[in-house]
Trainee: 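Just passing along the structure, written as structure tokens.
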Amino acid sequence: QVQLVESGGGLVQAGGSLRLSCAASGTIFRDNTMGWYRQAPGKQRELVAYITTGSSTNYADSVKGRFTISRANAKNTVYLQMNGLKPEDTGVYYCNSKTHVAGVGTYDYWGQGTQVTVSS
């Protein structure tokens, strides 16, 4: 089982920056994809960005050019640098880890979430 511990959420004014961190521990398979999802009030949870073990990345169109995801594999930690924050970025941000084991299935783990609030 993988445990995910998030930090870095908070309140920031529009145009500001915030850096989220997620540390993974437990029985971690060497190949995994870690990402950030968010859920705004009244909306479905959506993918913000993800990064593979090989550091391939993908971003939601709404955050491209503003957010950067990175990871430190030796620490099993993933980061999300958020710049140029907008009020619509407000929501609960969740760390996620996915591992596919051939012949077994997919393991999917979630952090407890951290609140990000961007004021106008």
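Just so it is clear, the structure is predicted and the values come from calculations on it, not from any experiment.
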Trainee: Of all residues at least two apart in sequence or in a different chain, which pass the side chain to side chain donor-acceptor pair (under 3.5 Å) check with Thr106?
Mentor: His100

Trainee: Taking only residues two or more places apart in sequence, or in another chain, which ones meet Ala23 in a side-chain contact (heavy atoms from CB on, under 4.5 Å)?
Mentor: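 Checked Ala23 against side-chain contact (heavy atoms from CB on, under 4.5 Å); matches are Thr77.
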
Trainee: Can you tell me if Asn32 uses its side chain to pair, donor with acceptor, with the backbone of Thr52 under 3.5 Å?
Mentor: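 Not a single qualifying donor-acceptor pair exists.
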
Trainee: Quick one: are Arg71 and Thr53 in side-chain contact, heavy atoms under 4.5 Å?
Mentor: yes

Trainee: Could you state the interatomic distance from SG (Cys22) to CD1 (Ile69), rounded to the nearest 0.5 Å?
Mentor: 9.5 Å

Trainee: Mind checking side-chain contact (heavy atoms from CB on, under 4.5 Å) for Ala72 and listing every partner two or more places apart, or none if nothing turns up?
Mentor: Lys75, Tyr79

Trainee: Which pair of non-hydrogen atoms, one from Ala14 and one from Pro87, has the smallest distance, and what is that distance?
Mentor: CB-CD, 4.1 Å

Trainee: Supply the atom-to-atom distance Thr57 OG1 to Ile51 CD1, rounded to the nearest 0.5 angstrom.
Mentor: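 Nearest 0.5 Å value for the OG1-CD1 distance: 6.0 Å.
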
Trainee: Go through Met34 and Lys98 one step at a time and tell me if the side chain to side chain contact (heavy atoms under 4.5 Å, CB included) criterion holds.
Mentor: CA-CA 6 Å; Met34 297 189 71; Lys98 288 186 175 68; over 6 Å; no

Trainee: What residues, two or more places apart in sequence or in another chain, satisfy side chain to side chain donor-acceptor pair (under 3.5 Å) together with Glu46?
Mentor: Arg38

Trainee: Using side-chain heavy atoms (C-beta onward) and a distance below 4.5 Å, is Glu6 in contact with Ser21?
Mentor: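 Counting from C-beta outward, Glu6 and Ser21 never come under 4.5 Å.
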
Trainee: Identify, with sequence neighbours excluded, every residue that meets salt bridge (charged side-chain N to carboxylate O under 4.0 Å, His left out) alongside Arg19.
Mentor: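 With sequence neighbours excluded, Arg19 shows a salt bridge (charged side-chain N to carboxylate O under 4.0 Å, His left out) to no residue whatsoever.
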
Trainee: Using atom types as modelled and distance alone, determine if a side-chain donor or acceptor of Gln44 lies under 3.5 Å from a backbone N or O of Gln39.
Mentor: no

Trainee: Arg45: which residues meet the side chain to side chain donor-acceptor pair (under 3.5 Å) condition with it, sequence neighbours left out?
Mentor: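 Arg45: no side chain to side chain donor-acceptor pair (under 3.5 Å) contacts found.
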
Trainee: Could you check whether any side-chain heavy atom of Asp89 comes within less than 4.5 Å of a side-chain heavy atom of Phe67, counting everything from C-beta outward?
Mentor: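 Asp89 vs Phe67: side chains touch.
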
Trainee: For Gln115 and Thr117, does a side-chain donor sit closer than 3.5 Å to a side-chain acceptor?
Mentor: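 The criterion, which ignores hydrogens and geometry beyond distance, is satisfied for Thr117 and Gln115.
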
Trainee: How would you list, by chain and number, every residue that makes a salt bridge (charged side-chain N to carboxylate O under 4.0 Å, His left out) with Lys64, sequence neighbours excluded?
Mentor: Asp61

Trainee: How does the hydrophobic cluster around Tyr94 look, that is, which other residues are in it when side-chain heavy atoms under 4.5 Å mark a link?
Mentor: Tyr37, Leu47, Tyr50, Val92, Trp110

Trainee: Kindly write out the residues that satisfy side chain to side chain donor-acceptor pair (under 3.5 Å) with Asn83, not counting sequence neighbours, or none if the list is empty.
Mentor: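 Ser17, Gln81.
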
Trainee: Heavy atoms, side chains only, cut-off 4.5 Å: are Tyr109 and Asn96 in contact?
Mentor: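 With C-beta onward as the side chain, the pair stays apart.
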
Trainee: Less than 4.5 Å apart, any side-chain heavy atom of Cys95 and any of Val78?
Mentor: yes

Trainee: Testing the basics here: between Leu4 and Ser97, what is the closest heavy-atom pair and its distance to 0.1 Å?
Mentor: CD1-N, 3.9 Å

Trainee: How would you list, by chain and number, every residue that makes a side-chain contact (heavy atoms from CB on, under 4.5 Å) with Val116, sequence neighbours excluded?
Mentor: Leu18, Leu20, Met82, Tyr93, Val118

Trainee: I need the full list of disulfide bond (SG atoms under 2.5 Å apart) pairs touching residues 48-89, with sequence neighbours left out, sorted by first then second residue.
Mentor: none

Trainee: Going by the rule side-chain contact (heavy atoms from CB on, under 4.5 Å), which residues pair with Gln3 if we only count those two or more places apart in sequence or in a different chain?
Mentor: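 Partners of Gln3 by the side-chain contact (heavy atoms from CB on, under 4.5 Å) criterion, ordered by chain and then number, come out as Gln1, Ser25.
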
